[in-house]
Amino acid sequence: MSAPTLTQLIDLDAYPLDAPDSDRYRDAVGAARSGLRSVGCAVVRNLVPEPAVRQLNDEITAAKSTTHYSTEVINPYFHTTVNPAYPDRHPVNTFIERSSGFIPGDSWTSGSAIDTLFRSPELGRFLAECLEVPHLHCYDDPLAGLTANILDPGQQFTWHFDTNEFAVTVLVQEADEGGLFQYAPNIRSADDEGFDAIQAVLEGGEVLDGELGVHALDLRPGDLQIFRGRYSLHRVTRVASTSQPRHAAIFAYTREAGVIGRVERTRQLFGRVLPAHEAAERERVRSDTLLD
Ligand SMILES: O=C(O)CCC(=O)C(=O)O
Ligand SMILES: [Fe+2]
């Protein structure tokens with residue numbers, strides 16, 4: 001089967017990503033920029049038309065047996081062990097369940113809808129403009145570049161900060177109950193950890209909308225979300241045990257070309273590493289000033 005075209009994957013009437021000089025394009029970029037500047041989040045509603053959403057969901061469902069599920073009890077910084085330098089009731093020592101899975105990058109075939117959308121130069125240009133950076137490259141990591149986040153019934157992705165500067169997500173299948181994306185915009189900054197506010201959110205329980213500065217997003221299948229997760233604490237709430245699973249495609253981009261993830265983090269998220277990760281790690285060691 002040949003790869004889908006841009007017209008099939010993106011609603012070009014509403015969002016003419018192929019016509020960057022058009023008014024509609026400028027409006028879409030302007031709206032996303034204002035969301036990203038104010039709350040670090042922008043939602044492009046119905047960017048992906050329904051037939052393409054179905055195709056993405058079929059691809060995710062077909063690859064689902066390759067999902068790496070991991071249940072860990074993590075603090076917002078993805079650590080799993082107590083740090084005695086901090087008190088008990090402190091974000092660093094507050095551990096909550098993360099039980100979800102990722103379908104890794106090497107599960108997709110080239111020419112699939114999900115891979116074609118991720119690599120679309122028009123989408124890359126649009127995202128770079130929204131994020132106000134000169135250029136974006138697809139994250140070159142063979143596992144973490146293009147993933148799907150899977151939350152099966154009963155699972156949750158608890159409060160955390162991302163290590164990436166920003167994330168791009170397309171919701172593909174929503175949960176019937178639960179599975180909501182919630183975030184506390186700019187709860188920390190480069191020079192303020194914001195521990196007290198973070199602790200209040202961690203202790204806030206299941207339902208937080210408009211309280212403690214937490215926003216909930218009403219995402220629908222086909223919506224694209226651009227999110228700065230470095231300073232904004234966020235989670236996906238527990239999917240009800242009677243619900244259908246929640247599927248989200250996650251596109252990772254970097255400002256520099258050829259970036260690849262660290263061995264330890266890769267193992268935590270995917271349960272394995274590839275020769276490319278090992279080689280990159282050796283290169284990192286070699287690029288210091290030691291005598292080989
Ligand atoms: O599935 C999502 O909407 C986002 C999950 C998330 O926060 C992450 O993968 O870091
Ligand atoms: Fe995240």
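Ligands are counted one by one from 1 in listed order, and the atoms in each one are counted from 1 as well. This structure is a prediction, so every number in the text was calculated from the model and none was measured.
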Residues [X] and [Y] bridged, charged N to O under 4.0 Å:
X    : Y    : value
E174 : R246 : no
E281 : R284 : yes
E50  : R54  : yes

Donor-acceptor pair between [X] and [Y] side chains, under 3.5 angstrom:
X    : Y    : value
S70  : R98  : yes
Q268 : E72  : yes
N83  : H90  : no
Y69  : Q155 : no

Under 2.8 Å from the Fe ion (ligand 2) - protein N/O/S, by chain and number: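 N, O, S partners closer than 2.8 Å: H160 NE2, D162 OD1, H234 NE2.
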cation_pi(R265, F78) dist<6.0 Å, angle<=45: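 Yes.
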Residue from V170, L171, T61, I103 passing side chain to side chain contact (heavy atoms under 4.5 Å, CB included) with H247: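 Running side chain to side chain contact (heavy atoms under 4.5 Å, CB included) over V170, L171, T61, I103 with H247 returns exactly one hit, T61.
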Neighbouring protein residues of ligand 1 - any heavy atom closer than 4.0 Å: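 The 4.0 Å shell around ligand 1 contains F102, N149, F157, H160, D162, T169, F181, H234, V236, R246, A248, I250.
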